[in-house]
Amino acid sequence: MTDRLENKLREALKREEPPAGFAERVLARTLEKRQTVRTGLSAWRGWRWGLAGALFLALVTAGIEYRQAREQKIRSEAAKEQLLLALRVAGDQLQFVWSKVNQP
Amino acid sequence: MRRVLFICIPILALTLSAQGQETPLCKLPASLDQLKATAAETTDVTLDPNLLKLADNALNKGVANEAEAQKLLSNIKGICVRSYKFDKGTQYPEKDVEALRSQFSGPNWSSMVKVRSKQNGENVDVLVQSEKGALAGIAIIVAKPEEFTFVRIDGAIDLAQLAKLKGQFGIPKLNIPGQPKPAPPLPAESK
């Protein structure tokens with residue numbers, strides 16, 4: 001009985017040659033798996049860079065717009081001061097003219 | 001026929017361009033413009049429509065005098081001020097001032113005020129431009145021995161609105177015909 005068991009075990013654990021192309025198929029599948037993992041990682045990295053780029057662009061645009069609005073406000077204030085100065089001078093001269101006209 | 005066209009087209013172009021020409025807002029004779037180099041004090045303001053629009057944006061409607069100025073501004077197309085004050089003894093040629101006055105001798109311009117004073121050498125001109133019966137611009141030339149001022153306001157100025165500014169920005173109260181005069185103050189009651 002022991003012999004029969006031993007024979008059976010020997011038979012079961014006997015080395016069998018793999019079918020043709022087995023090693024190549026296993027290697028191919030391993031490479032495929034590696035590539036799939038790599039693509040997943042790259043996609044994630046691409047997303048991050050894209051998001052960072054978009055945020056950067058938004059910040060730069062907002063900064064430029066803020067600066068332009070500020071410069072516009074400064075120019076407007078300067079123009080307003082010039083206008084008030086011009087009206088002041090015009091008023092002074094009109095006052096002088098009327099005083100000349102109304103001189104006895 | 002071609003010869004006729006050759007002659008007519010340039011003449012037509014010249015005529016049209018002459019009609020379309022307006023006195024530039026701030027064109028002073030070169031010698032007067034150079035006065036700023038010798039002036040002790042210079043005021044130089046040029047406001048074209050773009051700058052007037054910028055100024056309009058900055059005016060505060062909530063402030064009374066600025067709101068009035070904003071109404072005045074709505075009809076103004078441009079403002080030019082050149083004012084030079086000199087040290088005693090500086091002179092500038094009268095012919096240059098005359099050259100400036102002659103710029104406003106076109107058909108649309110008329111002299112509203114002309115004062116010549118030999119006593120103190122102060123000469124004043126106020127010229128108005130009219131277009132279709134309405135005021136379209138004003139030019140003020142004040143030539144004093146130690147001061148020269150040129151003010152040009154281009155646009156349909158409402159003198160009544162100008163009067164409303166009531167001394168603000170130095171604008172004097174103007175006696176415009178038809179405007180109600182302010183009532184005189186009541187005398188104080190004697191005790």
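Only this structure's heavy atoms are used, side chains among them; waters, hydrogens and symmetry mates stay out. Every chain is numbered from 1 and lettered A, B, ... according to where its sequence line falls, protein lines coming before strand lines.
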Against chain B, residues from residues 54-63 of chain A with at least one heavy atom under 4.5 Å, in numeric order, are none

Taking a cut-off of under 4.5 angstrom between non-hydrogen atoms, the residues of residues 14-23 of chain A near chain B are none

- Task: Taking atom NZ of K144(B) as the centre, report whether more than 12 heavy atoms of other residues, nucleotides or ligands fall under 6.0 Å from it.
- Result: yes

Most heavy-atom pairs under 4.5 Å with chain A, out of L52(B), N57(B), V142(B), V115(B), belong to V142(B)

Okay, L59(B) and chain A: the region with an atom under 4.5 Å from a heavy atom over there is both

Residues pairing under side chain to side chain donor-acceptor pair (under 3.5 Å) where one sits in residues 117-128 of chain B, two or more places apart or in two chains, turn out to be K100(A)-E122(B), R101(B)-D125(B), R116(B)-D125(B), S117(B)-N120(B), N120(B)-E122(B)

So, the part of E147(B) with a heavy atom under 4.5 Å from chain A: the answer is side chain

Residues 68-83 of chain A vs chain B, non-hydrogen distance cutoff under 4.5 Å, contacting residues -> Q72(A), R75(A), S76(A), E77(A), A79(A), K80(A), Q82(A), L83(A)

Honestly, the part of I76(B) sitting under 4.5 Å from a heavy atom of chain A is neither

dist D92(A):CG -> T43(B):OG1 (nearest 0.5 Å) comes out at 10.0 Å

**OP:** Please test T149(B) against V89(A) for side-chain contact (heavy atoms from CB on, under 4.5 Å), starting from the C-alpha separation and ending with a verdict.
**Re:** CA-CA 9 Å; T149(B) 304; V89(A) 172; 4.1 Å; yes

If you apply the rule side-chain contact (heavy atoms from CB on, under 4.5 Å), what do you find for V81(B) with L85(A), and how did you get there? CA-CA 9 Å; V81(B) 172; L85(A) 173 63; over 6 Å; no

